[in-house]
Amino acid sequence: MADERIIPPYLETLNSEQQKAVLHLGNPLLILAGAGSGKTRVITTKIAYLIRERGYDPRSILAVTFTNKAAREMAHRAALIEPRAGDAMLRTFHSFGAWFLRRNGHLLGLPSGFVIYDDDDTVSLLATLMTDSSKQEIKSRAHLIARAKDYFLSPDDPETDLIDHRGDFRRIYKRYEERLAQIGNVDFGDLIKKPVEILKQFPEVAERFRSRFKVILVDEYQDSNIAQFELLKELCGSGTYLCAVGDDDQSIYRFRGAEVRNILQFPELFPGTEIIRLEENYRSFLPILNAASSVVSCNKGRLGKTLRASRQGGDLPVLTFMPNQDTEAAFCADLIKESMKPNGPCRNYSDWAILYRTNAQSLSFETELLRRKIPYKVVGSLKFYEREEIKDALALLSFLVNPKDEIAFRRVVNKPTRGVGAATIDRIVMEAGFGGTDDQDDNHQGDFLLQENDNPESADIAAAARRLMPSLSAKARAGIAVFLKAIESGRSALTQNGEAAFSEKKKAERGDKKDDLRFGEGLSRCVVMLVEESGIAEYHRSNDDINGAQRIANLQELANAASEYEAGTEGLLEFLEHIELDRSIEQSEDSEDAVTLITLHNTKGLEFRRVIMTGLEQGIFPREDKKDEDLEEERRLFYVGATRAMDELYITSCSMRRLFGRTQPMEPSVFLREISKDCIRVIGDVPYGFAVPSRYKNRSSFSASAESSSSKPKVSSDGRWKVGDTLFHDDYGYGGVYDIRESEEGPIVYVRFNGGAEKRFLSEFQSSNYMKTDYSG
DNA sequence: TAGTTTTAAGTTTTT
DNA sequence: CTTAAAACTA
């Protein structure tokens with residue numbers, strides 16, 4: 001397809017590989033795009049090119065990504081080149097699945113008004129089926145069910161046993177699926193799995209989609225799972241042009257079912273595949289790439305590639321060992337402050353990013369940056385939608401659109417507590433036609449389950465509650481009445497009829513409106529109505545500690561967000577779907593200049609002038625008990641993090657770290673040893689043992705002895721202490737002997753620990769390797 | 001059954 | 001240390 005047509009001007013700035021990738025058509029194309037090789041640019045340009053030069057209808061183009069951020073970015077950049085690209089379908093896999101199911105889910109008996117369950121809801125649902133299992137086990141099973149769906153495995157597939165070897169897994173999974181079908185909602189995995197099932201079962205539907213989408217582009221293909229691969233396969237007809245872009249070295253989502261094999265075996269899975277490699281890195285200075293590559297090249301299963309740096313020059317990455325996480329944070333702050341001096345190299349705080357492995361690590365950085373008055377923003381950990389009051393409000397909304405939603409009902413029917421206990425709830429759920437919780441029913445009629453929804457009334461929990469009301473105790477009856485009333489009010493607010501009555505009533509009830517929830521356009525009225533009438537708002541309001549006020553503020557924010565959506569069921573479904581699929585808060589403070597605090601996983605696709613990778617310690621990064629494939633994934637995570645840096649890369653490692661409130665000694669990360677010596681510059685003190693690899697290799701014997709719980713230091717030395725010996729002490733961590741002096745009680749060993757402490761010990765040379773007395777204590 | 005106190009456990013990573 | 005689950009009391 002390398003025809004000699006005139007190259008449009010917007011292609012001229014691309015290198016020849018990039019151009020080839022944009023111009024390519026015909027057979028499936030796999031673009032192996034190294035970090036910083038301009039892959040987003042290639043995809044967006046390609047979309048524009050296909051529309052503009054090849055006459056593709058924008059609506060016939062489907063581009064899928066893994067994150068909403070990436071989807072937005074892609075839409076934005078493509079539209080800059082070609083406005084018509086706005087009509088192309090640019091979505092995440094999951095949002096595409098939801099879109100698909102709204103239109104075709106009925107083929108599997110799924111109502112179009114389904115709500116998407118998040119992981120918490122999934123656990124709650126499973127909990128109603130496994131009444132006498134521990135929370136932990138339920139969570140574990142829920143996780144495995146999600147995994148099974150990632151692998152496109154159903155309860156009836158024998159292979160599902162490979163996911164969970166406990167014999168009862170398939171039965172649990174099956175019951176879970178049945179209940180979910182009764183309720184009429186879906187979980188995350190269903191958003192991929194169910195569309196595939198429909199496409200496989202209904203060839204005419206598949207045909208329709210194949211004729212609509214002539215072009216399918218997939219970004220971050222290395223993070224796709226088996227179900228997503230199946231989806232692509234089903235969507236691709238003989239006339240479909242498939243183009244996948246990815247980098248096997250950046251596959252970091254194995255833990256949630258991603259299959260690197262998808263990209264490694266792409267050519268076999270899609271016969272006739274052509275491969276184009278983008279190996280020119282435009283982002284980072286050469287030394288940064290060298291350091292990153294030297295680590296990731298320790299991995300076995302990889303396609304292998306050579307990144308060429310278009311930016312020669314630049315300094316070696318800097319590695320610094322810190323005593324503990326507080327000094328680590330101070331070190332970061334110093335670096336940032338220093339660079340921002342009037343004649344320093346940086347003018348923006350946003351040039352900087354601090355990377356860490358787990359969200360919990362952000363705390364010490366936040367504290368320090370706050371103290372030093374350095375502006376920062378924490379990416380990702382904003383758990384707005386996981387807050388209790390928000391989840392309650394969302395459950396009310398969900399129940400409004402789907403009165404069969406048992407999970408939503410259970411969550412809010414007695415919130416705030418109004419005398420409706422477990423017994424009452426179970427009765428109502430039973431009355432609504434749900435099987436109850438008894439594990440004995442052994443009917444194998446799962447195939448006919450879908451038909452149970454024939455009569456929508458039968459599973460309507462609100463209706464069931466109303467029916468049962470007369471037979472309930474006075475307390476429970478009153479409670480149920482309040483709940484039903486709230487739902488009614490919400491429903492009328494949804495259709496805009498209840499507005500007048502609501503405001504009248506509220507004004508009459510309370511003169512003060514200073515902390516009243518206010519509503520504006522669209523759905524916000526409905527949100528406010530529900531949380532007010534249910535008493536949830538009032539409950540938090542009267543709880544007048546700081547939390548209460550914050551919660552009211554959060555509810556207000558939710559109402560504000562809802563005002564963007566049209567009142568009515570349609571708008572409500574859109575609102576709920578948007579929240580489930582995109583939990584990132586639109587950061588209006590994007591314009592603000594701030595340092596970025598971010599987990600390594602979240603950095604994918606981002607770049608910063610200066611990056612500090614922190615916490616390079618065994619147990620943290622890589623996380624403990626990672627080995628083989630999992631360790632390789634951690635290594636790729638290192639690669640991803642390091643290659644975010646454009647100009648400068650800093651790496652820190654602490655010798656002591658506060659974990660679970662206890663300070664404990666840490667070992668340097670194995671990855672630090674994998675960086676080639678000439679690829680990195682170490683600044684400051686080097687921990688004992690680190691600079692001398694041969695000695696370090698013996699450390700297994702240290703670890704072994706470290707497991708006994710004596711507070712005396714131990715050593716692997718073969719006889720006598722001598723200067724330079726490395727040792728481990730339970731309280732002080734790793735250290736080195738820097739002096740030995742004789743005394744009448746025997747030799748005194750002077751030890752300097754990596755955490756900074758210097759201690760003297762009395763050694764019993766003749767009998768063992770133990771230190772006997774802590775002289776300095 | 002609701003709210004309190006005590007005890008134990010635990011921090012990946014995310015659509 | 002902080003949070004969630006279990007145990008306990010009113």
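Letters A, B, ... mirror the listed sequences (proteins, then strands); counts begin at 1.
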- Item | Pairing pattern in dot-bracket form [Watson-Crick, G-U; both distances under 3.5 Å; | = partner strand] for DNA chain B | ||||||||||.....

What pairs of nitrogen or oxygen atoms, one from the protein and one from nucleotides 3-6 of chain C, lie under 3.5 Å apart?
none

- Under the ring-ring contact (aromatic ring centres under 6.0 Å, His included) test, which residues partner A/His143, sequence neighbours left out?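 A/His143 satisfies ring-ring contact (aromatic ring centres under 6.0 Å, His included) with no residue once adjacent residues are dropped.
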
Grab the N/O contacts between the protein and nucleotides 13-15 of chain B below 3.5 Å, and write none if there aren't any.
| residue | atom | partner | partner atom | Å |
| --- | --- | --- | --- | --- |
| B/dT13 | OP1 | A/Asn359 | N | 2.5 |
| B/dT13 | OP1 | A/Asn359 | ND2 | 3.2 |
| B/dT13 | O2 | A/Arg357 | NH2 | 2.7 |
| B/dT13 | O2 | A/His601 | NE2 | 3.3 |
| B/dT14 | OP1 | A/Thr599 | OG1 | 3.4 |
| B/dT14 | OP1 | A/Asn602 | OD1 | 3.3 |
| B/dT14 | OP1 | A/Asn602 | ND2 | 2.6 |
| B/dT14 | O4' | A/Arg256 | NH1 | 2.9 |
| B/dT14 | O2 | A/Arg256 | NH1 | 3.3 |
| B/dT15 | O2 | A/His94 | NE2 | 3.1 |
| B/dT15 | O4 | A/Asp119 | OD2 | 3.2 |

Nearest-Å distance for atom pair [atom1]/[atom2], residues [X] and [N]:
{"X": "A/Tyr539", "N": "B/dA2", "atom1": "OH", "atom2": "C1'", "result": "11 Å"}
{"X": "A/Arg658", "N": "C/dT2", "atom1": "CZ", "atom2": "C1'", "result": "13 Å"}
{"X": "A/Ile425", "N": "B/dT1", "atom1": "CD1", "atom2": "C1'", "result": "12 Å"}

- Message: Using ring centroids (six-membered ring only for Trp), state whether A/Phe100 and A/Phe209 fall under 6.0 Å.
- Response: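 Yes.
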
- Query: Taking the six-membered ring for Trp, are the ring centroids of A/Phe483 and A/Phe409 within less than 6.0 Å of each other?
  - Reply: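 A/Phe483 vs A/Phe409: aromatic centres under 6.0 Å.
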
Looking just at side-chain N and O atoms, do [X] and [Y] make a donor-acceptor pair shorter than 3.5 Å?
{"X": "A/Ser364", "Y": "A/Arg658", "value": "no"}
{"X": "A/Asp187", "Y": "A/Tyr176", "value": "yes"}
{"X": "A/Asn262", "Y": "A/Ser224", "value": "yes"}

- Roughly how far, to the nearest 0.5 Å, is the CD1 atom of A/Ile172 from the CD1 atom of A/Ile138? 9.5 Å

- Query: Rounded to the nearest 0.5 Å, what separation is found between the CZ atom of A/Arg302 and the CG atom of A/Asp248?
  - Reply: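 Rounded to the nearest 0.5 Å, the CZ-CG separation comes to 6.5 Å.
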
- Item | Set of residues satisfying salt bridge (charged side-chain N to carboxylate O under 4.0 Å, His left out) with respect to A/Lys194, sequence neighbours excluded |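 Listed in chain order: nothing, the list is empty.
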
- Task: Please answer whether the main-chain N or O of A/Asn225 pairs with a side-chain N or O of A/Asp150 as donor and acceptor at a distance below 3.5 Å.
- Result: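 Checking the backbone N and O of A/Asn225 against the side chain of A/Asp150, no donor-acceptor pair under 3.5 Å is found.
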
- Query: Is A/Asn414 touching bases, backbone alone, or none of the nucleic acid, heavy atoms closer than 4.0 Å?
  - Reply: sugar-phosphate

- Query: Parallel, tilted or perpendicular: which describes the rings of A/His94 and A/Phe188, with under 30° parallel and over 60° perpendicular?
  - Reply: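 Judged by the thresholds at 30° and 60°, the geometry between A/His94 and A/Phe188 is perpendicular.
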
- Take A/Phe365 and A/Tyr376 through the ring-ring contact (aromatic ring centres under 6.0 Å, His included) test and state the conclusion after the steps. CA-CA 9 Å; A/Phe365 299 111; A/Tyr376 67 87; over 10 Å; no

For nucleotides 3-10 of chain B, which of its nitrogen or oxygen atoms have a protein nitrogen or oxygen under 3.5 Å away, and what is each distance?
| residue | atom | partner | partner atom | Å |
| --- | --- | --- | --- | --- |
| B/dG10 | OP1 | A/Gln136 | NE2 | 2.8 |

- Message: Using the rule given for salt bridge (charged side-chain N to carboxylate O under 4.0 Å, His left out), can you reason through A/Lys391 versus A/Glu388, listing the C-alpha separation, both sets of side-chain angles and the distance that settles it, and then say yes or no?
- Response: CA-CA 5 Å; A/Lys391 292 218 73 172; A/Glu388 187 188 359; over 6 Å; no

